[in-house]
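A short write-up of the structure that comes next.
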There are 2 protein chains.
Amino acid sequence: MKISIYEDNDKLRELIEMLIGSSNEFKVVGSYHNTHDILNKVIQDQPDVIIMDIDMPEHDGVEGVQIIKQKFHDIKIIMHTVFDDDDRLFTCLQHGADGYILKKDAPTLLFNAIKEVSAGGAPMSSDIARRVLQTFRKSDKPLNDYHLTDREKEILELLTKGFTYRMIGIACKISIETVRRHLKNIYQKLHVQSGTEAVAKAVTEQLLKN
Amino acid sequence: MKISIYEDNDKLRELIEMLIGSSNEFKVVGSYHNTHDILNKVIQDQPDVIIMDIDMPEHDGVEGVQIIKQKFHDIKIIMHTVFDDDDRLFTCLQHGADGYILKKDAPTLLFNAIKEVSAGGAPMSSDIARRVLQTFRKSDKPLNDYHLTDREKEILELLTKGFTYRMIGIACKISIETVRRHLKNIYQKLHVQSGTEAVAKAVTEQLLKN
DNA sequence: GTTGAAATAACCCTTTTGGGTCAGAACTTC
DNA sequence: GAAGTTCTGACCCAAAAGGGTTATTTCAAC
């Protein structure tokens, strides 16, 4: 299994090289201090797994992930970094990083991570995993509550589907006048003056889930 | 450290009890075959960590997570399940499950997971981790492209902010007639018949980023 | 058993919207 | 310079939307 390394700290890079080279399963085929010209380097080295630092001068790891994952989807990339920046974490994940190991973790974790990614897993430091799970949790916090009644939510939902007042009336088996009445109340509660505004608010603030 | 277990398969539950009981760090304080009346059970047992199956008759694990995490945010919950259902996976994570271990994994993984959650980590089977990371990746794929021009996107964006045609005209320094013209084109391209529909489509399909 | 909230419905009215059609100006591309 | 796209603007017209007012019914709560 061929590994290449991108890490600007020379000492650390050599350490990783040694660690990985010590195994007879892995072979280091490339080792660089930034992601400059990474595409050609990867084409030349043909690694199976890339270990990538984020913080590097000039061409950083975020760039690297982006470029490689766009062209070579099946080369696995493990981010290896100190952890101080949520934004870059999620940018990397978005662009398809396969694993995320912190530098403060034991070196054996990095070693195991290589095996895991090549087996199709997604090794993460527990700190990272927690951070990732938190993004899911966030979404169920109760944002805002405009005290819409069930009926009002129902009608607002149909409005977001592009129904006209008349269609809503038919769908709910009530007169169009009642639909208008409900929507008037809804607009008041949401502090909006039009259907489009109400829809925008409903969708972005997720007013319609339950 | 006090552990309680919810698992409908009696054999498996006993196995887990034994596994955990064999350690002198952990103590099983409760063991049940569904989540019926879980709130009182938890109040009585006062566990630090709960191991929770998802598939249980009558009162399942999804319910359990919901109820417990609502009241006792700091009791850690590890989901322990066969894996066949993305929906329930994400529902559990959303409600605050702290770890997610598959039954097919080695029992030692479950054992380690207990230590990890109590240390604030988020242990996951690699299958689960991969599934979770995939949800991030998904979001950057180019959904749909309706070939809106820059101007059209600009105007659609103002519409989603609840601007009327007139307000858009003023904001863009063009006549209201031109606004109407643009919106007619936009509606055609999006295959919608109204502003509300267009807004809903724009927001849910993220047509306005970039 | 009355108070109150929610849902239902009707009337008024003006403004806004959405569809049709037509057309000139500005700009790039070939 | 011809062709194509984009942005601009206009007119007509019917339908829809949005705001105001008033009122009945239902149903749970106190």
Side-chain angles (χ1 to χ4, degrees), chain A residues 142-210, chain B residues 67 70 142-210:
Chain A
L143 267 8
N144 285 318
D145 191 1
Y146 297 96
H147 303 293
L148 296 183
T149 67
D150 288 345
R151 193 55 153 172
E152 286 166 351
K153 284 180 191 167
E154 193 184 339
I155 285 169
L156 181 54
E157 184 155 22
L158 293 175
L159 191 72
T160 64
K161 292 207 196 326
F163 281 42
T164 63
Y165 287 20
R166 172 165 300 141
M167 288 159 76
I168 294 172
I170 294 166
C172 294
K173 298 194 196 1
I174 54 179
S175 91
I176 189 170
E177 290 301 325
T178 306
V179 176
R180 289 152 55 64
R181 188 87 281 276
H182 282 304
L183 281 168
K184 278 176 215 178
N185 293 335
I186 291 169
Y187 295 166
Q188 270 200 348
K189 287 184 180 178
L190 299 188
H191 306 295
V192 299
Q193 278 76 44
S194 73
T196 55
E197 233 183 315
V199 169
K201 200 156 194 167
V203 176
T204 59
E205 297 188 24
Q206 298 180 314
L207 266 33
L208 303 173
K209 307 298 160 201
N210 70 55
Chain B
I67 293 168
Q70 212 167 43
L143 269 5
N144 284 319
D145 191 1
Y146 297 97
H147 303 294
L148 297 182
T149 67
D150 289 345
R151 193 57 153 173
E152 285 166 352
K153 283 180 190 167
E154 193 185 340
I155 286 169
L156 181 54
E157 183 154 22
L158 292 175
L159 191 72
T160 64
K161 292 206 197 323
F163 282 41
T164 63
Y165 287 21
R166 170 164 302 143
M167 289 159 76
I168 294 172
I170 292 166
C172 294
K173 298 192 198 358
I174 54 179
S175 92
I176 191 171
E177 289 301 324
T178 307
V179 176
R180 288 152 56 64
R181 189 86 281 279
H182 281 304
L183 281 168
K184 279 176 214 179
N185 292 335
I186 292 169
Y187 294 167
Q188 269 200 349
K189 287 183 179 177
L190 299 188
H191 306 295
V192 300
Q193 278 76 44
S194 73
T196 54
E197 233 183 314
V199 168
K201 200 157 195 168
V203 177
T204 59
E205 298 190 23
Q206 298 180 316
L207 266 33
L208 303 173
K209 308 298 159 200
N210 75 52

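Proteins get letters first, then strands, A, B, ... in listed order; numbering begins at 1 in each.
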Requested in this report: Applying side chain to side chain donor-acceptor pair (under 3.5 Å), name anything that partners Thr160(A), two or more places apart in sequence or on another chain.
Outcome: none
**Report entry** Interatomic distance where CD belongs to Glu154(B) and P belongs to dT8(D) [whole Å]
**Finding:** 8 Å
Query raised in the report: So what does Thr164(B) touch, heavy atoms closer than 4.0 Å: a base, only the sugar-phosphate, or nothing?
Result: sugar-phosphate
Query raised in the report: Looking at residues at least two apart in the chain, or sitting in another chain, which of them share a side chain to side chain donor-acceptor pair (under 3.5 Å) with Thr178(B)?
Result: Ser175(B)
Query raised in the report: What residues, two or more places apart in sequence or in another chain, satisfy side-chain contact (heavy atoms from CB on, under 4.5 Å) together with Glu152(A)?
Result: Leu148(A), Thr149(A), His182(A), Asn185(A), Ile186(A), Lys189(A)
Query - Between C1' of dT8(C) and CD1 of Ile155(A), the distance in whole Å - result: 10 Å
Query - Heavy-atom protein contacts under 4.0 Å, nucleotides 19-28 of chain D, coded B base, S sugar-phosphate only, - none - result: BBB-------
Requested in this report: Answer with base, sugar-phosphate or nothing: what part of the nucleic acid does Thr149(A) contact at a heavy-atom distance below 4.0 Å?
Outcome: sugar-phosphate
Requested in this report: Nearest whole angstrom, please: distance from the P of dC11(D) to the CD1 of Ile176(B).
Outcome: 13 Å
Query raised in the report: Taking CD1 from Ile186(A) and P from dA17(D), how many angstroms apart are they, rounded to a whole number?
Result: 13 Å
Report task. In whole angstrom, give the distance that lies between atom CZ of Arg166(A) and atom C1' of dG18(D). Result -> 16 Å
Report summary line: Whole-Å distance, Ile168(B) CD1 to dT16(C) C1', equals 12 Å
**Report entry** Distance, rounded to the nearest Å, where His182(B) contributes NE2 and dA10(D) contributes P
**Finding:** 13 Å
Query raised in the report: What integer distance in Å separates Glu197(A):CD from dT17(C):C1'?
Result: 16 Å
Requested in this report: Could you check Ile155(A) against Cys172(A) for side chain to side chain contact (heavy atoms under 4.5 Å, CB included), going step by step and ending with a plain yes or no?
Outcome: CA-CA 8 Å; Ile155(A) 285 169; Cys172(A) 294; 4.2 Å; yes
**Report entry** Partner residues of Gln188(B) under the side-chain contact (heavy atoms from CB on, under 4.5 Å) criterion, sequence neighbours left out
**Finding:** none
Requested in this report: Verify the contact: side-chain N or O of Thr178(B) to OP1 or OP2 of dT8(D), cut-off strictly under 4.0 Å; return yes or no.
Outcome: no
Query raised in the report: Can you name the residues that form a side chain to side chain donor-acceptor pair (under 3.5 Å) with Arg166(A), not counting sequence neighbours?
Result: none
Report task. List the steps, then state whether side chain to side chain contact (heavy atoms under 4.5 Å, CB included) holds for Glu154(B) with Asp150(B). Result -> CA-CA 6 Å; Glu154(B) 193 185 340; Asp150(B) 289 345; over 6 Å; no
